[in-house]
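Down below is the structure, laid out as structure tokens.
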Amino acid sequence: MTSIQVPSTDVDPPTLLKESLVQSDNKTYKLDKDIGTMLYNELWPVCQDGNSEATDAKTREFLKRVVEILLDHITVQNDRSTKIVDFHTPEQLKEVIDFAIPDDPLNLDQLLVDCKDTLKYQVKTGHPRFFNQLSCGLDITSLAGEWLTAAANTNMFTYEIAPVFILMEHECLKKMREIIGFENGDSILAPGGSVSNMYALMIARHKMFPAHKKYGMRAIKGQLIMYTSQHHHYSIKGGASAIGLGTDNCVQVACDERGKMIPAELEKLVIKHKNEGHLPFFVNCTTGTTVYGAYDPISAIADICEKHGIWLHIDAAWGGGLLMSKKYKEKSFKGIERADSVTWNPHKLLGTLLQCSTLHLKENGLLISCNQMSADYLFQTDKCYDVTYDTGDKVIQCGRHNDIFKFWLQWRSRGMSGFEKQIDRLMELTYYQVEKMKAMPEKFYLINAEPECTNVCFWYIPSRLRDEKRDHFWQDELGKATALIKGRMMKTGSMMISYQPLGDLPNFFRSIISNQAQTEEDIDFMLAELDRLGHDL
């Protein structure tokens, strides 16, 4: 066999390669005109004519100015004296930003203005007084990873084009399965927890009825039924619709007063549906509900699933971060290793930048068996490496974004101990907030006085309602005040807290602590600001 020799002149030695990458820092090349007056076609990769040094210098200068804008934004987000949002209605925002797509190219100066304006009017989700969403904060190591990811701009469907990132995925996902308690298994990153949950549904159906992949619903002799708590994330019902199960067959199980599924009610429903000739096949156990942050009792639900031969999925998209803490893992995730699948989103409590969602399976081979379509132009079996590293045929997507590097780099920066400290600190701040509210019962009413995650659900009580009878009328008035306070909050721009109704309860606030920048000072500010904004309502 004839070997092919690569000419040595085609490959720079490591030292020369490094020098070639940084040497432009010492260049004295002077631009012949201001960068702002130039157009996109004077930068890489479009400009391939003329002086390559000039093109490189222009490209670097433009990107340096963009980076300066980004760095200024990071500084502003960490400045508590700045607004979280300069709120404009949609019509007002259309007046101050030109959203139109032009017929002809705009110069780079205008593009830099566009970058500045975009960040100026965007909500600053990394601000320490943003308590609004489950995903917030601005982790710098994860941000660095996201910047590198964009520069690499590669797809994640094969090892062939993403070798380094594929191995990073393998390592991180394997470690996450170990934390869950799965000895082997398989995992994948998906575009959000909703898709991760839908994949779990598809795989559970495939495990029970593999012929469905080819023949569809005619391969199933009976009506499939799935179960989830009344406080489930809406993606569970959405997944039932998306895979053709139907939302009527996504049965909601009653919860207790803390928002946790009642196992006895689950088993009653399973037995009822079995007696009716239906096919119970999937139970979703939520660990960290969206509003209350409640954790369904895993072990009791697992007992029922094992008894009746039902797939147990755990939606830990929000609450999964507590798995990183020995203290809270034992308390909230006892029995998780008995699950068949787990959704866990690092972009929530762990603070990884959006988006980063993972699905983990106890049984290896199900992902590929369920979703494989064997596209010959991508997934050849005679490649020069182990093709089990090709991930694209494990999912219904073709293109898959690189969501791993920012998480891998962030995890490397912390180690296991760093994430544990982070989670313990977020819970410490949550308990601080609860105790401060309990000390002011005339101003705050806790809907759940013992939160299991960092969700704190409460009403602020305006002065006129503090001595009123605490009945349904009182609650309705608090619900109206909640929406008005949020409106004032948005227009002031001082902080953000979300609100929602739930069941029979009218609007109430749900604050979230998942930003590593937050301190006791920010909690104190939140409580004082609520009083300032709402006392006179």
Side-chain angles (χ1 to χ4, degrees), residues 35-37 39-40 61-140 142-144 146-147 149-150 192 347-348 351-356 401 406 482-500 509-518 522 525-526 529-530 532-534:
I35 189 74
T37 63
L39 299 175
Y40 79 102
E61 181 60 27
F62 173 66
L63 290 177
K64 282 177 182 176
R65 294 196 188 184
V66 173
V67 169
E68 284 300 321
I69 293 169
L70 299 177
L71 294 176
D72 287 345
H73 184 65
I74 293 169
T75 299
V76 167
Q77 288 207 80
N78 286 280
D79 182 354
R80 287 171 171 80
S81 67
T82 61
K83 287 185 175 184
I84 287 181
V85 60
D86 184 359
F87 181 73
H88 289 61
T89 65
E91 291 307 314
Q92 291 170 335
L93 199 53
K94 290 175 185 177
E95 291 295 322
V96 295
I97 296 182
D98 179 10
F99 291 101
I101 303 300
D103 291 332
D104 297 314
L106 301 177
N107 63 30
L108 300 184
D109 211 18
Q110 180 59 51
L111 301 188
L112 293 171
V113 170
D114 291 344
C115 290
K116 290 178 182 178
D117 286 347
T118 297
L119 293 177
K120 177 181 179 182
Y121 295 106
Q122 175 55 33
V123 175
K124 298 173 182 64
T125 58
H127 195 289
R129 290 168 183 169
F130 181 84
F131 301 94
N132 207 74
Q133 245 69 46
L134 304 184
S135 305
C136 64
L138 187 63
D139 186 89
I140 297 302
S142 187
L143 176 64
E146 186 76 328
W147 286 356
T149 296
H347 71 233
K348 291 184 175 170
T352 310
L353 266 58
L354 286 161
Q355 63 187 356
C356 188
H401 186 262
K406 59 194 170 191
T482 297
L484 292 172
I485 293 170
K486 179 59 181 280
R488 290 182 176 184
M489 197 184 295
M490 292 291 291
K491 291 171 183 176
T492 303
S494 56
M495 66 178 182
M496 284 180 67
I497 309 172
S498 70
Y499 73 91
Q500 65 285 300
F509 284 115
R510 180 211 61 179
S511 65
I512 295 294
I513 297 174
S514 61
N515 183 348
Q516 301 157 63
Q518 287 163 342
D522 300 306
F525 176 87
M526 178 212 298
E529 185 69 354
L530 283 166
R532 186 184 75 83
L533 293 171

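Hydrogens, waters and symmetry mates are skipped; everything else that's a heavy atom, side chains included, is used. Quick caveat: nothing in here was measured; it's all calculated off a predicted structure. Counting begins at 1 with the first residue of the sequence.
Distance check: Y40 OH to L111 CG gives 11.5 Å after rounding to the nearest 0.5 Å. Taking NZ of K348 as the reference point, atom CD of Q355 lies at 10.5 Å (rounded to 0.5 Å). The CD atom of E68 sits 10.0 Å away from the NZ atom of K116 when rounded to the nearest 0.5 Å. To the nearest 0.5 angstrom, D114 atom CG is 10.0 Å from D109 atom CG. To the nearest 0.5 Å, atom NE2 of residue H127 and atom SG of residue C136 are 12.0 Å apart.
For K486 against N132, the heavy-atom pair with the smallest separation is NZ-OD1, 3.0 Å. Closest non-hydrogen pair, L39 versus L108, comes out as C-CD2, 4.1 Å. Of all the heavy atoms in N78 and I74, the pair that sits closest is ND2-O, 2.9 Å. Considering all non-hydrogen atoms of both residues, S494 and F525 come closest at O-CE2, 3.8 Å. In terms of heavy-atom proximity, I69 sits nearest to L112 at CD1-O, 3.6 Å. Between H347 and C356, the shortest heavy-atom contact is ND1-N, 2.8 Å.
The side-chain heavy atoms of R510 and L134, taken from C-beta on, include a pair separated by under 4.5 Å. By the 4.5 Å heavy-atom criterion applied to side chains, L70 and H73 are not counted as neighbours. Contact annotation: the side chain of D139 never approaches that of T352 to less than 4.5 Å [non-hydrogen atoms, C-beta and beyond]. By the 4.5 Å heavy-atom criterion applied to side chains, M495 and L530 are counted as neighbours. Side chains of I497 and M526 form a contact here, defined as non-hydrogen atoms less than 4.5 Å apart. Side-chain contact between M489 and F509: present, with at least one pair of heavy atoms (C-beta onward) separated by less than 4.5 Å. Annotation: side chain of N515 is not in contact with side chain of F131 (no heavy-atom distance under 4.5 Å).
Residue pairs meeting the salt bridge (charged side-chain N to carboxylate O under 4.0 Å, His left out) criterion with at least one member in residues 77-89, sequence neighbours excluded, are R80-D522.
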Residues H401, T149; criterion side-chain contact (heavy atoms from CB on, under 4.5 Å); working and verdict: CA-CA 9 Å; H401 186 262; T149 296; 4.2 Å; yes
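Remark: of the listed residues V123, T492, T125, V123 is the sole one forming a side chain to side chain contact (heavy atoms under 4.5 Å, CB included) with I84.
Between the side chain of T75 and the main chain of L71, a donor-acceptor pair closer than 3.5 Å is present. Under the 3.5 Å distance criterion, the side-chain polar atoms of T82 are matched with a main-chain donor or acceptor of V76. The main-chain N or O of W147 is never found under 3.5 Å from a side-chain atom of K406 such that the two would form a donor-acceptor pair. Judged by distance alone, the side chain of Q77 and the main-chain N or O of G137 form no donor-acceptor pair under 3.5 Å.
At a threshold of 4.0 Å, the pair R65-E61 counts as salt-bridged, since one of the basic side-chain nitrogens sits closer than that to a carboxylate oxygen.
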Output a table of donor-acceptor pairs, distance under 3.5 Å, between side-chain atoms of residues 91-104 and any protein atom two or more places apart or on a different chain; print 'none' if there are none.
unit_1: E91; atom_1: OE2; unit_2: K94; atom_2: NZ; d: 3.4
unit_1: Q92; atom_1: OE1; unit_2: T89; atom_2: N; d: 2.9
unit_1: Q92; atom_1: OE1; unit_2: T89; atom_2: OG1; d: 3.4
unit_1: D98; atom_1: OD1; unit_2: A100; atom_2: N; d: 3.1

